[in-house]
Amino acid sequence: KEKGVGVIMRTFTFDSKDITSDYGYTLESLAIGAPVRRSTELTIPFASGVVDMDKIMGYATYDDRTITAKVWKKVDPADRMNEQNKLVDAFLIQSDRRAFIDSLDEKSEYRAICTALDFGETTRNYVKCTMTFKASPYRLVDGSGVL
């Protein structure tokens with residue numbers, strides 16, 4: 001089989017930049033966590049128990065989801081710092097949430113911000129990075145929000 005024929009390579013874009021084609025990294029793994037249902041309970045003075053405000057209001061609220069991506073790239077040792085700086089510039093220096101799109105679900109968009117880059121597994125010849133994103137609980141599908 002020819003290299004790349006019949007193989008779907010997963011990637012993602014963040015702020016319209018593709019981690020593979022724009023930065024040359026290979027996506028090792030991508031985990032998009034589920035949003036966590038928030039419990040909004042109030043204690044009523046002089047009463048036993050609590051009141052579930054979500055039940056009273058008729059809808060549930062959710063906390064942000066976490067997206068974790070592990071990427072790697074083979075590099076010359078001299079270029080390692082430049083590559084790390086590119087990632088920091090591209091992902092961390094964002095003041096607000098940007099579009100995060102998984103290539104396996106290109107119709108869905110998460111509004112996310114990169115909260116951490118971990119280069120702890122980087123070796124002499126490979127830049128390895130674990131990226132952590134904080135994303136809104138809802139994903140946008142054709143302009144509408146769904147969990």
Side-chain angles (χ1 to χ4, degrees), residues 1-42 50-147:
K1 238 180 181 182
E2 288 184 49
K3 185 178 179 182
V5 174
V7 176
I8 298 173
M9 191 166 89
R10 189 176 191 184
T11 186
F12 68 88
T13 60
F14 179 67
D15 194 24
S16 302
K17 300 289 186 190
D18 187 282
I19 193 69
T20 301
S21 61
D22 291 324
Y23 295 103
Y25 282 81
T26 299
L27 180 63
E28 182 177 312
S29 66
L30 180 63
I32 300 174
V36 177
R37 185 170 178 174
R38 187 180 302 147
S39 177
T40 309
E41 297 175 338
L42 292 176
V50 295
V51 175
D52 182 353
M53 291 305 295
D54 288 339
K55 187 173 183 179
I56 291 172
M57 298 302 292
Y59 59 87
T61 55
Y62 295 87
D63 289 327
D64 284 341
R65 65 178 73 221
T66 300
I67 299 174
T68 305
K70 290 186 178 188
V71 299
W72 63 270
K73 180 180 182 179
K74 185 173 180 168
V75 293
D76 276 337
D79 292 338
R80 190 170 356 157
M81 288 307 290
N82 289 335
E83 295 301 323
Q84 290 177 10
N85 289 339
K86 281 184 186 178
L87 279 174
V88 170
D89 289 344
F91 290 102
L92 273 185
I93 304 177
Q94 305 287 337
S95 60
D96 57 353
R97 293 180 187 226
R98 307 294 172 127
F100 183 103
I101 300 172
D102 178 2
S103 66
L104 295 184
D105 188 13
E106 292 180 345
K107 292 183 180 179
S108 296
E109 172 186 317
Y110 299 92
R111 300 302 293 169
I113 187 166
C114 185
T115 57
L117 294 176
D118 179 2
F119 291 97
E121 295 183 37
T122 294
T123 64
R124 180 179 168 100
N125 296 316
Y126 290 91
V127 172
K128 295 182 179 183
C129 180
T130 300
M131 302 172 180
T132 304
F133 297 86
K134 183 177 180 180
S136 58
Y138 299 97
R139 60 188 170 108
L140 301 174
V141 179
D142 296 330
S144 65
V146 296
L147 283 177

Over all atoms of both residues, closest heavy-atom pair of Arg65 and Pro35: NH2-CD, 3.3 Å
Pairwise side-chain contact, Tyr25 with Met131, heavy-atom cut-off 4.5 Å (strictly under): no
Donor-acceptor pair, side chain of Thr115 and main chain of Thr132, under 3.5 angstrom: yes
Atom pair CE (Met9) and CG (Leu104), whose distance is rounded to the nearest 0.5 Å: 11.5 Å
4.5 Å side-chain heavy-atom contact, Thr40 and Met57: no
Approximate separation, where rounding is to 0.5 Å, of Glu121 CD and Thr130 OG1: 5.5 Å
Salt bridge (charged side-chain N to carboxylate O under 4.0 Å, His left out) partners of residues 53-64, not counting sequence neighbours, each pair once: Arg38-Asp63, Asp64-Arg97, Asp64-Lys134
CD1-OG1 distance between Ile101 and Thr13, expressed to the nearest 0.5 angstrom: 4.0 Å
Taking every non-hydrogen atom, the tightest pair across Val141 and Ser108: CG2-OG, 3.4 Å
Exercise: identify the closest heavy-atom pair between Phe100 and Ile67: CZ-CG2, 3.6 Å
Of all pairs that satisfy salt bridge (charged side-chain N to carboxylate O under 4.0 Å, His left out), the ones with a partner from residues 10-24, not counting sequence neighbours: Arg10-Asp102, Asp15-Arg98
Aromatic centroids of Tyr110 and Phe133 separated by under 6.0 Å: no
Closest non-hydrogen atom pair, Ala60 against Tyr138: O-OH, 4.2 Å
Student check: side-chain heavy atoms of Val127 and Phe119 closer than 4.5 Å: yes
Close side-chain approach of Arg139 and Ile32, heavy atoms under 4.5 Å: no
Interatomic spacing from CH2 in Trp72 to SG in Cys129 - rounded to 0.5 Å: 14.0 Å
Straight-line distance of Ile19 CD1 to Leu30 CG, nearest 0.5 Å: 11.0 Å
From CD1 (Ile113) to CZ (Phe14), nearest 0.5 Å: 7.0 Å
